[in-house]
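This report refers to the structure that appears directly beneath it.
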Amino acid sequence: MNADQARERVRELRTLLNKANDAYYQEAAPLMSDREYDRLLDELRRLEEEYQFFSPDSPTGRIGGQPTRVFPTVTHPVPMLSLSNTYSREELDNFDRRVQNLLGHDNYSYMAELKYDGMAIRLRYENGRLTLGATRGDGTQGDDITSNIRTIRDVPLTLTGNYPEVLEVRGEAYMEMAAFAKMNSAREENGETVFANPRNATAGTLKLQDPAIVARRPIRMFAYDLLLEDEDRERTQKEKLELLDKLGFRVCEHRSWCPGIEQVHQVIEKWGKLRTDLPYETDGVVVKVNEERYRDNLGQTAKAPRWAIAYKFEAQQAVSRIQGITLQVGRLGTITPVAELEPVLLAGTTVKRATLHNEEEIQRKDIRVGDRVIVEKAGEIIPQVVNVVLQKEGERGEPFQMPETCPACGSELVKLPEEVAWRCTNNQCPPQVRSRLEHFASRDAMDIDGMGVAVVDQLVSQELVTTFPDLYRLSAEDLVPLERMGEKSASNLVASIQKSREKPFEKVLYALGIRFVGITVARDLARAFPSIDALMSATKEDLLDIDAIGPRIAGSVRSFLDQPDNREMIRQLRELGLTFKSEETAAASEKLAEKTFVLTGTLPTLKRSEAQEHIEKHGGKVTSSVSKKTDFVLAGDEAGSKLEKAEKLGIRIITEKDFFEMIK
Ligand code: IVH
């Protein structure tokens, strides 16, 4: 490589890594795997050093992302450093040798802890109360996301035991895999974009502007570091973790005190095998010098301490060959390209298919039929193709091109301006009809017993059913000719279809499969508009008055209800006797009848949803914005502009205590 080529490569790497950084930190959606990122960063660092190409804004010069603009910025008094990574045992031994050389003795020990794969957060407590929760940002400055952090149940709002006046805790926010998978499949069902893995879901969630939504996501936290102001240098990491436990934090039980590096190797060995049994993701083991006073001697570089290192496990990857690229049509018509692979064993299961995400991804990586590729399963529920390892001319197919028409029904595909995915807009497209029916019959929706995938498949392919109303017109005789359907199961199925007519309005709303309307949104809608007539006549603005509903959901509901086909479908379902009205829920009292409340800030004990429930139970109503029609503003800590507006309009502002008095 000559200097020009090096300069060109450096430019290329910087652009790519900056993009990857933004995708990771700002948009919380990854462009590449960690390993690939580390490898490219390493290459860039070497080139910059060899050719003396330095630039203050090179990705080699910063730790992570920059703070996003929407939250107030906080400066970390003690920077939140990064860790040096290693992927090999030899490097780990080198680390130990360096520690020993720098200290000049071997009286130190190590703590080996799991490396949780989530997002670092910093918590500050004053007089035992949580006063700040922040992201790492670039290590020096991060976002103040206190109101989001408060919604994490593992984060104590007040401390227990004997606590010093001021203390800071650092830890990892993350999601457990099962909860992540459940959340993602609900999102997929609702036509929302799915998160690539639990880590991105966590990062994406904690940067949301609405803590009420954050509260509904399954975020957890492990504490791994404690910062005290007392300067007791005799303390050890082991003791700090025990203290954290006493103060009320969740500390991972899988931590080991190791007298020397040999024991660390054993711990790594163990978790390399057992890590897939854990309910959460761990991508390595963090090895830390246990004694605080030795840490002081070892110090740190600009980015990482010299007293700690992260040993990273190999990602769960395998190499396979792409035999074909097929297209999958989702419930709402989204077309996802899928790689059909030569079967390969990966983390205990045989993988035959892996997602290629979308057209842009395939083109960016130039993935073609015949290529050998790396398939990865790193928390993602569906394996994904990470990269091409071998492209052999002659064995390769043509560059991938999205067809212009739907592979299932032949209708023209469209791509909306802000989206990466192509969609089939034909409502009657068979795979869409199939997944709509599956969703309609699913447990959280109409819960129709005996209407599994195989039955739905036949109902659609035999053209017995194309719309929901068709289901309710089926007779046992229609069903008997289907495969593996006796007379008994046919009449059972008809009975459970008919019985589903009793399902409450909110379930029906959810079952309709309106984009972005999951179970919770359906419930909120049914509460605010207790009949389909009320909902049909609601304007987009009326919909936006519901707390959890933003423009995206409101727009989707409105456009669903405006489509003539859907109106006709709803008319028929009504005629067939489905429930399109909420049952009158008996109010506990009428103490707050006709009263309109606006909630703002964090209340001392009640969650927003709980306060809303109390208000509604007593006949009151909650709206999202303050106007002349507002009777009370129930305000908690850190109340913002709503409070100001209420003051201006002379509306009564009450505390949680006042509120309890009112409903007592
Ligand atoms: S200690 C000086 N312990 O790894 C840094 N970090 O690359 C002290 N992480 O952003 C970090 N599990 O969020 C530490 N048991 C653990 C960890 C852990 C995960 C994350 C941390 C940090 C990143 C460092």
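As the structure lists them, so they are numbered: ligands from 1, and atoms in each ligand from 1. For reference, positions follow the sequence shown, starting with 1. Heavy-atom basis, side chains included; hydrogens, waters and symmetry copies ignored.
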Polar side-chain atom of E168 near backbone of L227 as donor-acceptor pair, under 3.5 Å: no
Rounded distance [0.5 Å steps], OG1 in T151 versus CZ in R216: 11.0 Å
cation_pi(R552, F516) dist<6.0 Å, angle<=45: yes
Using a 3.5 Å cut-off on N/O to N/O, what pairs does ligand 1 make with the protein? A line per pair would be great.
{"from": "ligand 1", "atom 1": "3 (N)", "to": "K288", "atom 2": "NZ", "distance (Å)": "2.9"}
{"from": "ligand 1", "atom 1": "4 (O)", "to": "K115", "atom 2": "NZ", "distance (Å)": "3.2"}
{"from": "ligand 1", "atom 1": "7 (O)", "to": "L83", "atom 2": "N", "distance (Å)": "3.3"}
{"from": "ligand 1", "atom 1": "12 (N)", "to": "Y116", "atom 2": "N", "distance (Å)": "3.1"}
{"from": "ligand 1", "atom 1": "13 (O)", "to": "E172", "atom 2": "OE1", "distance (Å)": "2.3"}
{"from": "ligand 1", "atom 1": "13 (O)", "to": "Y224", "atom 2": "OH", "distance (Å)": "2.9"}
{"from": "ligand 1", "atom 1": "15 (N)", "to": "E113", "atom 2": "OE1", "distance (Å)": "3.2"}
{"from": "ligand 1", "atom 1": "15 (N)", "to": "L114", "atom 2": "O", "distance (Å)": "3.0"}

Side-chain (K312) to main-chain (D283) donor-acceptor, under 3.5 angstrom: no
From E253 atom CD to L241 atom CG, the distance as rounded to the nearest 0.5 Å: 12.5 Å
cation_pi(R89, Y311) dist<6.0 Å, angle<=45: yes
